[in-house]
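Okay, so here's the structure we're looking at.
Position 1 is the first residue of the sequence, and the numbers go up from there.
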Amino acid sequence: MAKTPVGLEPVVGSLTPSKKREYRVANRLQEGKRPLYAVVFNFIDSRYFNVFATVGGNRVTVYQCLEGGVIAALQSYVDEDKEESFYTVSWACNIDGTSFVVAGGLNGIIRVIDASNEKIHKSFVGHGDSINEIRTQPLKPSLIVSASKDESVRLWNVHTGICILIFAGAGGHRNEVLSVDFHPSDICRIASCGMDNTVKIWSMKEFWTYVEKSFTWTDLPSKFPTKYIQFPVFIASVHSNYVDCNRWLGDFILSKSVDNEVVLWEPKMKEQSPGEGTADILQKYPVPECDIWFIKFSCDFHYNAAAIGIYAIQSGSFPLPLTTTYVMKV
C-alpha cells in the first residue's frame with residue numbers, strides 16, 4: 001500500500017473547543033431578509049480597524065465595533081437599482097487618504113462609495129457580467145482588482161476611474177472567475193481561480209508603466225490605453241472541481257474548492273517558460289459540508305488564522321466547532 005506523502009495526510013484532532021481560544025457572540029444584527037454575501041473590516045486605514053462593511057441585496061452598510069460588544073451603524077448606501085445584488089465588498093482609498101467602500105455584484109457595475117459622505121465617488125462599467133470578488137492592493141490601496149462571471153479579471157484605479165489592465169484571452173479562464181487576490185509583497189502579481197478548476201498566477205510587471213500612467217491621466221478614462229494580458233505566468237490544476245476562493249500566504253497559496261478541502265501549496269514556476277511549472281502541495285485541510293460553491297474564506301490581519309464560511313480550522317488540532325465558523329491557524 002502506497003504511503004501518503006509527508007504533509008498530505010489529513011489533519012485530525014479533537015472536536016472539543018480549544019482551551020487556548022474562546023469565542024463568544026458579542027452582538028447580532030439583522031439586515032432585512034436578503035442574504036449577506038460579504039463582510040470586510042477596514043485594514044487599509046489603521047484609524048478604522050474596528051469599522052467593517054457588509055453587502056446584501058442592493059445595500060452596502062458600514063458599522064463600527066464599540067466597547068462592550070456594541071455595534072453602531074454608521075451609514076448605509078442603497079443602490080438605485082432595486083434588482084442589484086452585491087456579492088462582494090472591499091475597502092480602498094484615494095491618494096489623499098479618503099476611505100472608499102467598493103462593492104460589486106449581479107449587474108457587473110463597481111460602485112466606489114466615499115465613506116466620508118456616503119456618496120458615489122465613481123462607478124466602473126466594463127465587465128460583461130456579474131462581479132464575484134473585489135480585492136484591494138495592500139501596498140497601493142488606490143488599486144483594486146475584480147473577478148467576473150465574464151471570464152475576466154480587471155485592474156482599476158479608484159482615484160481616476162481607469163480600467164488599466166484586463167487579464168483574459170487565449171490563456172485566460174475558460175469559465176466564471178470566482179476569486180482573485182494580490183500578492184502581499186510582490187505588487188505586480190495576482191492569483192485568480194474559478195469554475196474552470198484552475199488557479200492562474202498573473203504578472204503585470206511588463207505593464208507597470210501603464211499602472212503609473214493611470215495616476216496622472218487627465219483625459220477621459222475611456223481614452224486610456226487599457227492593455228490585455230492574455231497569458232498567465234503559471235497555471236495550477238490543484239483541484240478537480242470549482243475553485244471558489246484563493247489567498248496568498250507569502251509565496252504560498254491557499255485555495256478552496258467544492259471538494260470539501262482547503263489546500264496549501266507552493267507554485268514553482270519556470271522563469272524561462274511562462275505558464276509552466278509544478279504545484280507542490282504542502283498540506284490539505286478537510287472542511288466538511290463545504291460542497292456548495294461560493295463559500296469563501298478570509299485570513300486575519302497577521303495571516304495567523306483563516307475563517308471559512310461555516311467552520312473553524314486550526315492546523316494541528318482540527319476542527320474546532322464555533323457555532324458556524326471554522327478558524328484555521330496557518
Side-chain angles (χ1 to χ4, degrees), residues 37-38 40 53 55-60 77-92 100-113 120-137 140-182 190-196 198-202 204 207 210-211 214 217 220-232 242-246 293-294 296:
Y37 282 104
V40 61
V55 289
N58 65 335
R59 182 186 300 270
V60 180
Y77 163 78
V78 178
D79 196 82
E80 58 188 14
D81 185 349
K82 294 181 179 180
E83 300 303 314
E84 173 66 289
S85 181
F86 290 118
Y87 299 151
T88 179
V89 62
S90 186
W91 290 89
F100 291 145
V101 183
V102 186
L106 180 64
N107 288 346
I109 300 173
I110 297 175
R111 301 294 191 188
V112 181
I113 305 164
I120 293 291
H121 171 68
K122 293 184 184 297
S123 294
F124 300 159
V125 179
H127 280 297
D129 215 317
S130 58
I131 296 167
N132 291 319
E133 188 160 62
I134 296 171
R135 299 284 287 176
T136 302
Q137 165 54 250
K140 195 177 283 288
S142 292
L143 298 176
I144 63 167
V145 67
S146 55
S148 174
K149 186 177 180 179
D150 67 5
E151 302 182 4
S152 77
V153 172
R154 291 178 179 241
L155 179 73
W156 308 83
N157 186 321
V158 297
H159 170 60
T160 56
I162 288 171
C163 178
I164 309 167
L165 301 171
I166 300 174
F167 304 85
H173 286 282
R174 287 295 173 264
N175 207 327
E176 194 163 339
V177 188
L178 299 178
S179 183
V180 65
D181 193 34
F182 283 103
I190 63 173
S192 62
C193 61
M195 283 187 173
D196 58 1
T198 67
V199 178
K200 297 180 187 286
I201 298 176
W202 307 81
M204 58 186 97
F207 298 88
Y210 291 91
V211 176
S214 72
W217 188 258
L220 294 173
S222 59
K223 294 185 177 181
F224 186 83
T226 301
K227 296 297 179 181
Y228 271 87
I229 298 181
Q230 296 197 50
F231 295 96
Y242 296 168
V243 189
D244 56 2
C245 191
N246 65 204
W293 71 280
F294 216 73
K296 296 180 180 290

Main-chain N/O of A170 paired to Q230 side chain as donor or acceptor, under 3.5 Å: yes

Taking only Lys NZ, Arg NE, NH1 and NH2, and the carboxylate oxygens of Asp or Glu, determine whether K296 and D244 approach each other closer than 4.0 Å. no

Min side-chain heavy-atom separation N107-S130 under 4.5 Å: no

Does any part of the side chain of Y37, heavy atoms only, come nearer than 4.5 Å to the side chain of F294, both counted from C-beta? yes

Mind checking the CD-NZ spacing from E80 to K82? Nearest 0.5 Å is all I need. 12.0 Å

Enclosure of K149 NZ (heavy-atom neighbours >12, cutoff 6.0 Å): no

Please verify the inter-ring angle class for F124 with W156; under 30° counts as parallel, over 60° as perpendicular, anything in between as tilted. parallel

Using atom types as modelled and distance alone, determine if a side-chain donor or acceptor of R59 lies under 3.5 Å from a backbone N or O of Y77. no

Using a 4.5 Å cut-off on heavy atoms from C-beta on, say whether the side chain of I162 contacts that of P221. yes

Within a strict 4.5 Å, meaning less than it, do heavy atoms of the L165 and T226 side chains meet? no

Checking side-chain polar atoms at under 3.5 Å, does N58 have a donor or acceptor matched by the opposite partner on D81? no

Side-chain heavy-atom pair L178, M195 within 4.5 angstrom cut-off: yes

So which atom in R154 and which in G126 form the shortest heavy-atom distance, rounded to 0.1 Å? NH2-O, 3.2 Å

Any donor-acceptor pair under 3.5 Å linking the side-chain atoms of S179 with those of E133? yes

Could you tell me whether the side chain of Q137 reaches within less than 4.5 Å of the side chain of I144, counting heavy atoms only? no

Looking at S152, is its backbone amide N or carbonyl O close enough to the side chain of D150 to form a donor-acceptor pair, meaning the two atoms are under 3.5 Å apart? yes

Say whether T136 and W91, considering side chains only, have a donor N or O and an acceptor N or O under 3.5 Å apart. no

Please lay out, stage by stage, how N132 and T88 fare under the test side-chain contact (heavy atoms from CB on, under 4.5 Å). CA-CA 6 Å; N132 291 319; T88 179; over 6 Å; no

Kindly indicate whether the side chain of I134, heavy atoms from C-beta on, has any atom under 4.5 Å from the side chain of I110. yes

Please list, chain by chain and in numerical order, all residues satisfying side chain to side chain contact (heavy atoms under 4.5 Å, CB included) with S222, sequence neighbours excluded. L220

Can you tell me if E84 uses its side chain to pair, donor with acceptor, with the backbone of L106 under 3.5 Å? yes

Got a sec, which residues hit side-chain hydrogen bond (donor to acceptor under 3.5 Å, both in side chains) with H159, two or more places apart in sequence or on another chain? N94

Rounded to the nearest 0.5 angstrom, the OG-CD1 distance for S214 and I164 is 3.5 Å

Return each pair, listed once, that meets salt bridge (charged side-chain N to carboxylate O under 4.0 Å, His left out) where at least one residue sits in residues 173-182; pairs must be two or more places apart or across chains. R135-D181

Is it true that, when you exclude Y87 itself, more than 12 heavy atoms of the residues, nucleotides or ligands shown sit nearer than 6.0 Å to its OH? yes

Between NE2 on residue H173 and CG on residue D196, distance to nearest 0.5 Å: 5.5 Å

Quick one: pull up CZ in F207 and NZ in K227 and give me the separation to the nearest 0.5 Å. 7.5 Å

Hey, what's the ring geometry for H121 with F100, parallel, tilted or perpendicular (30° and 60° as the breaks)? parallel

Is the shortest side-chain heavy-atom distance between F167 and I190 below 4.5 Å? yes

When every non-hydrogen atom of A191 is compared with those of N246, the smallest separation belongs to O-ND2, 3.5 Å

Passes side-chain contact (heavy atoms from CB on, under 4.5 Å), K200 versus C193? Steps please. CA-CA 6 Å; K200 297 180 187 286; C193 61; over 6 Å; no

Between S148 and V177, does a side-chain contact (heavy atoms from CB on, under 4.5 Å) hold up when you go through it step by step? CA-CA 5 Å; S148 174; V177 188; 5.9 Å; no

Stepwise side-chain contact (heavy atoms from CB on, under 4.5 Å) check, I120 with R111: CA-CA 7 Å; I120 293 291; R111 301 294 191 188; 4.1 Å; yes

